[in-house]
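Here's the structure we're looking at; comments come further down.
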2 protein chains.
Amino acid sequence: MASVYTETPTSGNTTPVGTRTAAPPVAVVSASERAYRQLRDEILDGVLAPGAGLLEVEQSDRIGVSRTPLRAAIARLIADGLVAGRAGRGFMVTEMSVDSIHELYELRRALEEHAARIAATRRDPHVFLELRDQFRTAPELLLLGEAGLHRYYELIDDFDDALDAAVGNPFLVTALANVRTHLARIRRLARHNPARLRAAAAEHLLIIEAIVAGDTSLAAHATHVHLHQSLSNVLAALEANPAAQAD
Amino acid sequence: MASVYTETPTSGNTTPVGTRTAAPPVAVVSASERAYRQLRDEILDGVLAPGAGLLEVEQSDRIGVSRTPLRAAIARLIADGLVAGRAGRGFMVTEMSVDSIHELYELRRALEEHAARIAATRRDPHVFLELRDQFRTAPELLLLGEAGLHRYYELIDDFDDALDAAVGNPFLVTALANVRTHLARIRRLARHNPARLRAAAAEHLLIIEAIVAGDTSLAAHATHVHLHQSLSNVLAALEANPAAQAD
DNA sequence: TGAAGCTCCTATGTATACATAGAATTCAGG
DNA sequence: CCTGAATTCTATGTATACATAGGAGCTTCA
């Protein structure tokens, strides 16, 4: 099965195996997994800009794996929609036009409104009560600078996780994960807008309260409102800084 | 880029290259593409039953490609959700439990109801008027035996294509394609039920008429009804023939 | 006879060498 | 100087050899 390495066999660098005292559950991922994660992170962070070309040999040299696992990584990125094959010349990071942002949010509306409805029916109230308390601290959190900001984004992730768990539908969760992948690229553009983050926290809070109350209709509509505001904010940020856009 | 072969280099069988008079636009697909299509078709047709094990060497021998393109094919099937990696022993065709059918239809509702709403707004009326006329012939078609049945399934495909075109959203279309892939496995179970097919044609007709009329609400609700009936039919068929189920 | 340990085997993960097609470049001819 | 074709070059597609890990089966000991 999954052959695992703590390090690349050819690169005998850090963490010598002799030093393990207990059980070192360190990296332990395959080369293709490492290549996938690195490329994916770099695309989501914008290090690999939209439109950037990816060459197998070039990338495999850079990351330190052979072409075979790198090809597997690129295949996964293509399935994710983050990379596309170019007709003549290798592969490229997919672009993110204003149109495609609208399209992504259209799918996001369909999925998240449905997910919110389901969550309001199937949720574990304790989980969302806990989340509600956390989100109530968001305004203070956003006054704490970088650390508070980090915690805030963790809260968003916690909310997404709670939603996935409440929905309990692998197909829907997978579709949502796909949307969130592309969303991560967009979020970079609109980050660090304190006023928007405070408003977003309030919108999340309303969704959570609707889920706690089992109010399917309010959960769906509050989600719709939240996504509308989120999209408006992204589009405004893009208009203010068109250079951040790729298309 | 895409290296293409008309035949496997090692299998020097039919269609000798010397006989090409004009331009033979025959198969011309890569080995990995061929492997992917064959495995995918076999899974959807049930030739490779749910739970069946897939071994790289075994399948690459059978299909006539080396392990490298076959691995690429399996990677795509995993991304499709048709194959899953087994912990200890190779890969297996994913199972389709009654629960997962419910889950799939839950996602399908979210996507298709939304798609129907959008289509009712953005559709090209001519396309759907044409479709309406076609679907009106469905009852007669279903009296024509195998040939009519084949034409009927083509009609369904035409409807899906028209819906995709009207939606015009690559993200949504991709998500719908994913659902339809899994749906193809399920449809095998409930096929050849004339009464259900006649009813389904009538349901499609109503959806089409709503889209033509630009009635977003009716389009969505008619879709909901159709999916409810479709799911009921599948579940009834499963209950009548539990052996067809895999889980 | 049962259990524990070891060995072998099998199947995937990885690296590399070779095949091939398309694009870019260069050279020749007008 | 421009245009065309041939060639070279580059990058992916494919095949194969080797590494490795986990399981199954067998053997051995109590």
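A note on names: the letters A, B, ... follow the listed sequences, proteins ahead of strands, and every chain is numbered from 1.
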With hydrogens left out and only the distance checked, is there a donor-acceptor pair under 3.5 Å joining A/S32's side chain and the base of C/dT14?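 No, no donor-acceptor pair under 3.5 Å.
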
Classify the side chain of A/S30 versus the base of C/dT14 as yes if they form a donor-acceptor pair under 3.5 Å and no if they do not.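 Between C/dT14 and A/S30, which were checked side chain against base, a qualifying N/O pair under 3.5 Å is absent.
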
Apply the test salt bridge (charged side-chain N to carboxylate O under 4.0 Å, His left out) to residues B/R188 and B/D45: give CA-CA distance (whole Å), side-chain angles for both, the deciding distance (0.1 Å), then the verdict. CA-CA 7 Å; B/R188 284 195 326 115; B/D45 290 347; over 6 Å; no

Before you tell me yes or no, could you show the steps for A/R117 and A/T223 under side chain to side chain donor-acceptor pair (under 3.5 Å), namely the whole-Å CA-CA distance, both residues' side-chain angles and the distance that decides it to 0.1 Å? CA-CA 9 Å; A/R117 278 187 195 279; A/T223 297; over 6 Å; no

Looking at B/E42 and B/R185, is there a salt bridge between them, counting it only when a charged N and a carboxylate O are closer than 4.0 Å? no

Whole Å only: how far is the [atom1] atom of [X] from the [atom2] atom of [N]?
X	N	atom1	atom2	value
A/L55	C/dG22	CG	C1'	14 Å
B/R86	C/dA11	CZ	P	10 Å
A/E56	D/dG13	CD	P	6 Å
A/M92	D/dT12	CE	C1'	17 Å

Residue [X], side-chain atoms from C-beta onward, closest of [options]:
X	options	answer
A/R67	D/dT16, C/dA15, D/dG13	D/dG13
B/P69	C/dT14, C/dA11, D/dT14	D/dT14
A/S66	D/dA15, C/dT16, C/dT12	C/dT16
A/T68	D/dG13, C/dA15, C/dT12	C/dA15

Name the nucleic acid region contacted by B/L70, choosing base, sugar-phosphate or nothing; use a 4.0 angstrom heavy-atom cut-off, strictly under. nothing

Is NZ or CZ of A/R123 both nearer than 6.0 Å to the six-membered ring centre of A/F128 and within 45° of the ring axis? no

